[in-house]
S.K.: 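Here it is: the structure, laid out below.
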Amino acid sequence: MLATQGFHSFIEQHRLSLKLRPILVGELYLARKLEHPVYIFKNGFFYPVINEGSVPSKDQINALIKNSHKEVYVYPSDVVEIKKNLETALVKVTRSLSVGDPLENGTKDMKLLSLNLSGLYQNPHSDEMLMLQFQSTQNLSKFLLENKKFQPYFYQNLIRENFHFTLSQPMLSSVLLLSFLQSIHLFHDKEVENLFLASYLKDIGISMIPGDKYDLKTLTTRDQELFANHADFSFDLLEGRVPLSKNYLTIIKHHHFLNDKMKDLLQRDKKKMKDPEIIFGIESTLVSVFDILVAMTSERPYRKSMSLYQSLELIKKMMADDYPQEFRALVVFLKQFYKN
Ligand SMILES: [Fe+2]
C-alpha cells in the first residue's frame, strides 16, 4: 500500500493543479534532493507521496510502479533538475557504451533514451533535445550491431520497464528491425544504422497530439485526423533538422502505408484494396512491418494484445505477395529472436 501523507484544502488543490507538472515515475531515479514534495493524482486530487528535502528511494519508486502509477507530479524547479540529470546521464552512458559491461550499458542507455524521448515529445522544437536523441540513437545502433547476441535481452528488458507505448514502441520496433536487417545480410551497416534512426524517429509527430488522446477507446473525427497525420508531422519536424537523407525522411513520412492495408484486412472488407500511389520498397515495408508487429503484440488500454502467430498471419497478407523470401526470413528470425 502506498503511503499518502495528507490531503490539502480545495484552494491548495487548485493552486497545485496550476503549479505541478507531470513526469514519468521512472524519471524519479534521476532526482537528487527534492525541493518540493512529489504528488500522485488520484480521484481528482493531488496527494503527496514523497517528502521535500529527500531523495526518492528505490522502494518508494517501486511502490508507485506497483500501484500502477505511471506519472507523478512535481514542482517546475524539480522538473528542471530531474530533466537536467537525465540528459547528463544519457550523454555519459552514450559516450561510454563500449566501456565496461555491455549488458548493463545497453540496458541503461535504452531506458534513459526512452525516458528522454518524453522530453522531446514535450519540446519537439528543441534542436538540442532532438540532436541528443539523434546522436544517442546513432551510437546505440553501432553498439547493438556489435553486440548481436544481447539484442533479445535488451528488447525483453525494455518491455519489462512497462513504459507507455508511445515511449517504448519506437525503440522496440527499431531494435527488432535492426536485428532482422543484420540477420539477412542484405544491407551495409550504414544503411542499417540509418533505417534504425528512421524507425526510431518516425513517431515524433505524435508530439503534436495532446497526451490524453493516446489511451482513448473512441476518437472524434478531428482526433482521428490528427493521428492519421502524425507521420506527416514527423516528417515536418525532422526535415532540415537531422542529418538523414530524403530517402529516409520519405520512409518516415509514409511509415503507415501498410496500416491502411491492415485496416481493410481487420475489417474483412471485401472491396478491392486500393493500389498505393507510391511504390514502396523493402526498406519502407520492413520499417512498417516491425512497427505493426510490436503494436499488435502489445496491449493497449483499449484492446488486448494479439499473439505473435496471429500477427504474422496478418503481416503475411500484407507483404508475402511482394516479398515472399523476406517474409519467410522474418518468420525464421522471429522464432529465433523470441526463443533467446
Ligand atoms: Fe506511427
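Predicted, not measured: the structure shown is a model, and the values here were computed from it. Numbering of residues begins at 1 and proceeds along the displayed sequence. Note that ligands are numbered from 1 as they come in the structure, with each ligand's atoms numbered from 1 the same way.
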S.K.: Name the atoms and distances for all side-chain donor-acceptor pairs under 3.5 Å in residues 284-296, with sequence neighbours left out.
M.R.:
from, atom 1, to, atom 2, distance (Å)
Thr285, OG1, Gly281, O, 2.9
Ser288, OG, His255, O, 3.1
Asp291, OD1, Gln169, NE2, 2.7

S.K.: Side chains of Ser17 and Arg15: any donor to acceptor distance under 3.5 Å?
M.R.: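 Not at all, the side chains of Arg15 and Ser17 share no donor-acceptor pair under 3.5 Å.
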S.K.: Do the side chains of Asn162 and Lys70 get nearer than 4.5 Å, heavy atoms only?
M.R.: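 Yes, at least one pair of side-chain atoms sits under 4.5 Å.
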S.K.: Closer than 2.8 Å to the Fe ion (ligand 1), how many protein N/O/S atoms do you count?
M.R.: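 Total protein N/O/S atoms under 2.8 Å from the Fe ion (ligand 1): 4.
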S.K.: Mind checking whether Phe337 and Phe333 have ring centres under 6.0 Å apart?
M.R.: yes
S.K.: Does anything in residues 232-243 pair up under side chain to side chain donor-acceptor pair (under 3.5 Å), and if so which pairs, sequence neighbours excluded?
M.R.: Asp127-Arg241, Asp232-Lys253
S.K.: Please name all residues satisfying ring pair (Phe, Tyr, Trp, His ring centres under 6.0 Å) with Tyr75, sequence neighbours left out, ordered by chain then number.
M.R.: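 Expected list: His36.
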